[in-house]
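Single-structure report; data block below.
These numbers come from the heavy atoms of this one structure, side chains and all, not from hydrogens, waters or symmetry mates.
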Amino acid sequence: MATVLIRDFDDALLETLKEVTGQKTGSKAVEYACERFLTLVDDSRQYREMIGDLEERNQVLRDRMESARAACSQVVEITGQGDFPRWLNYSV
């Protein structure tokens with residue numbers, strides 16, 4: 001295990017780290033925060049990937065909804081019905 005020396009570390013930040021990590025010593029709090037940071041970076045990458053996938057799926061569903069709305073609109077037009085349903089005016 002390597003030894004790390006940090007000079008002029010902010011006292012308030014160190015106390016906050018100890019409080020939020022539940023560690024009693026500053027060095028353990030900093031070590032814990034660093035370990036958690038790496039985990040959170042990995043989680044963040046995975047979530048960004050998931051968000052991208054969900055955005056793509058959402059766009060596919062929006063496109064399908066718009067196609068269905070347009071098709072329904074054509075059916076109403078072809079059948080000559082004047083009482084155009086309100087939900088067909090919904091835009092996605």
Side-chain angles (χ1 to χ4, degrees):
M1 188 179 260
T3 300
V4 176
L5 175 64
I6 304 173
R7 298 186 187 280
D8 301 322
F9 198 88
D10 184 82
D11 289 337
L13 176 59
L14 189 58
E15 289 305 313
T16 301
L17 278 176
K18 286 168 43 178
E19 183 180 316
V20 298
T21 62
Q23 301 297 316
K24 297 196 185 304
T25 65
S27 58
K28 290 286 185 187
V30 170
E31 181 180 7
Y32 181 88
C34 289
E35 288 170 354
R36 272 306 282 148
F37 173 76
L38 294 175
T39 301
L40 292 172
V41 166
D42 188 47
D43 290 350
S44 176
R45 284 186 190 128
Q46 290 177 13
Y47 291 139
R48 277 182 292 197
E49 206 172 289
M50 286 173 55
I51 289 168
D53 292 345
L54 291 170
E55 285 174 342
E56 285 177 26
R57 288 174 56 194
N58 189 34
Q59 187 58 50
V60 167
L61 293 174
R62 285 178 177 270
D63 292 345
R64 286 183 186 166
M65 185 68 179
E66 180 57 29
S67 294
R69 189 205 61 77
C72 288
S73 179
Q74 287 177 345
V75 167
V76 168
E77 186 178 319
I78 291 169
T79 60
Q81 295 190 5
D83 55 344
F84 193 75
R86 285 187 188 175
W87 64 271
L88 290 177
N89 288 324
Y90 175 77
S91 94
V92 229

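At most 12 non-hydrogen atoms from other residues, nucleotides or ligands lie less than 6.0 angstrom from CD of E49. Within 6.0 Å of CG on D10 lie more than 12 heavy atoms contributed by other residues, nucleotides or ligands.
Chaining together hydrophobic side chains whose heavy atoms lie under 4.5 Å apart leaves M1 on its own. Through direct or relayed side-chain contacts under 4.5 Å between Ile, Leu, Val, Met, Phe, Trp and Tyr, L38 connects to F37, V41.
Not counting sequence neighbours, the partners of V4 by the side chain to side chain contact (heavy atoms under 4.5 Å, CB included) test are I6. For D43, the side chain to side chain contact (heavy atoms under 4.5 Å, CB included) partners at least two apart in sequence or on another chain are T39, L40, Y47. Qualifying side chain to side chain donor-acceptor pair (under 3.5 Å) partners for E15, counting only residues two or more places apart in sequence or in other chains: K18.
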Which atom pairs, donor and acceptor, lie under 3.5 Å between side-chain atoms of residues 19-32 and protein residues at least two apart or in another chain?
from, atom 1, to, atom 2, distance (Å)
T21, OG1, L17, O, 2.6
T21, OG1, Q23, N, 3.3
T25, OG1, K28, N, 3.3

For residues 52-60, dump all side-chain donor-acceptor pairs below 3.5 Å to protein atoms at least two apart in sequence or in another chain.
from, atom 1, to, atom 2, distance (Å)
Q59, NE2, D63, OD1, 2.8

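The list of salt bridge (Lys or Arg N to Asp or Glu O under 4.0 Å) pairs with a residue in residues 33-42, not counting sequence neighbours, is empty.
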